[in-house]
Amino acid sequence: MSTMFADTLLIVFISVCTALLAEGITWVLVYRTDKYKRLKAEVEKQSKKLEKKKETITESAGRQQKKKIERQEEKLKNNNRDLSMVRMKSMFAIGFCFTALMGMFNSIFDGRVVAKLPFSPLSYIQGLSHRNLLGDDTTDCSFIFLYILCTMSIRQNIQKILGLAPSRAATKQAGGFLGPPPPSGKFS
Amino acid sequence: MSGGRRKEEPPQPQLANGALKVSVWSKVLRSDAAWEDKDEFLDVIYWFRQIIAVVVGVIWGVLPLRGFLGIAGFCLINAGVLYLYFSSYLQIDEEEYGGTWELTKEGFMTSFALFMVIWIIFYTAIHYD
């Protein structure tokens with residue numbers, strides 16, 4: 001096995017480990033707390049209820065019904081905000097850990113071609129895919145590009161497999177406030 | 001009214017938020033299966049996308065298929081196969097799930113990233129190792 005392919009596999013492995021680490025930290029600081037469990041259950045219940053109500057409401061629905069839905073939406077927004085605040089604790093911890101980790105990995109893999117891309121990325125992506133690499137071969141892949149791709153593919157799948165992904169209804173209702181929960185991985 | 005999915009079945013509980021029980025997969029290839037739980041069906045679409053990403057990534061990496069054609073090919077296959085599955089085979093009423101676009105984008109970005117990773121790994125391993 002060549003050094004380059006060994007680096008490729010190593011980066012995939014690092015990505016899996018960091019995704020598990022991020023979820024582990026979030027579990028310790030957030031997921032296992034009663035406050036989070038209570039808020040999450042409340043948000044999911046309210047989201048599903050609100051979705052069902054919105055589906056059944058008609059154009060001719062009375063003002064009272066529409067006001068009721070607005071009140072429920074407001075309540076859900078507040079709960080989503082509280083949920084995001086609870087998550088923020090883990091985001092800081094993960095951000096701190098990952099800044100240190102990424103600094104270390106960046107220096108280890110600095111200047112190393114870790115994979116060959118079967119395509120030439122667009123010019124504005126080459127800043128990432130060809131970062132700190134010598135030469136003009138745009139199919140040379142840097143650590144950070146492969147790591148980002150791995151994280152994007154692995155993290156959500158791990159969350160779904162472990163049953164930690166937020167429900168779709170809650171994500172949809174949260175979209176108008178802070179947006180979906182930000183990724184807990186961080187890369188510099 | 002879409003046909004072919006109207007048998008009553010006891011609801012098959014899924015594991016929390018995304019993972020699927022084995023019993024759900026037994027419904028996947030049955031065109032007459034009932035999908036009472038919307039999230040369950042969307043999870044099936046999601047995981048189907050990931051499987052397609054892995055399969056196409058391996059094939060593209062082995063051939064090899066290079067360039068934008070590979071990326072465009074994946075997008076077409078991913079969207080096309082799933083569209084045929086839920087529209088023609090299962091004959092799902094897309095409006096129940098928010099429309100064809102909602103079903104098309106379910107899990108697409110994650111599957112795209114997974115496809116890229118697999119494609120890069122196999123391409124590097126077979127053609128540059």
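On a predicted model such as this, the values are computed, not experimentally measured, just so you know.
Among the residues in residues 115-123 of chain A, those with a non-hydrogen atom closer than 4.5 angstrom to a non-hydrogen atom of chain B are A:Ala115, A:Lys116, A:Leu117, A:Pro118, A:Phe119. The contact list for residues 57-68 of chain B toward chain A, using heavy atoms and a distance under 4.5 Å, reads B:Leu65, B:Arg66, B:Gly67 by residue number. Among residues 106-121 of chain B, the residues having any heavy atom closer than 4.5 Å to a heavy atom of chain A are, in sequence order, B:Glu106, B:Met109, B:Thr110, B:Ala113, B:Leu114, B:Met116, B:Val117, B:Trp119, B:Ile120, B:Ile121.
Taking hydrophobic clusters as Ile, Leu, Val, Met, Phe, Trp and Tyr residues chained together by side-chain heavy-atom distances below 4.5 Å, A:Phe143 does not share a cluster with A:Leu134. Under a hydrophobic-cluster definition in which Ile, Leu, Val, Met, Phe, Trp and Tyr are linked whenever side-chain heavy atoms come within less than 4.5 Å, directly or via other members, A:Tyr124 and A:Ile144 are assigned to the same cluster. Under the 4.5 Å side-chain heavy-atom criterion for Ile, Leu, Val, Met, Phe, Trp and Tyr, B:Leu103 and B:Leu76 are members of distinct hydrophobic clusters. Hydrophobic clustering keeps B:Tyr46 apart from B:Leu84 (ILVMFWY residues linked when any side-chain heavy atoms are closer than 4.5 Å, directly or through intermediates). Using a 4.5 Å cut-off between side-chain heavy atoms of Ile, Leu, Val, Met, Phe, Trp and Tyr, with links allowed through other members, B:Trp101 and B:Tyr83 fall into different hydrophobic clusters.
Counting only residues at least two apart or in different chains, salt bridge (charged side-chain N to carboxylate O under 4.0 Å, His left out) contacts with residues 93-114 of chain A comprise A:Asp7-A:Arg112.
B:Ile126 has its side chain out of reach of A:Phe5: every pair of non-hydrogen atoms, C-beta onward, lies at least 4.5 Å apart.
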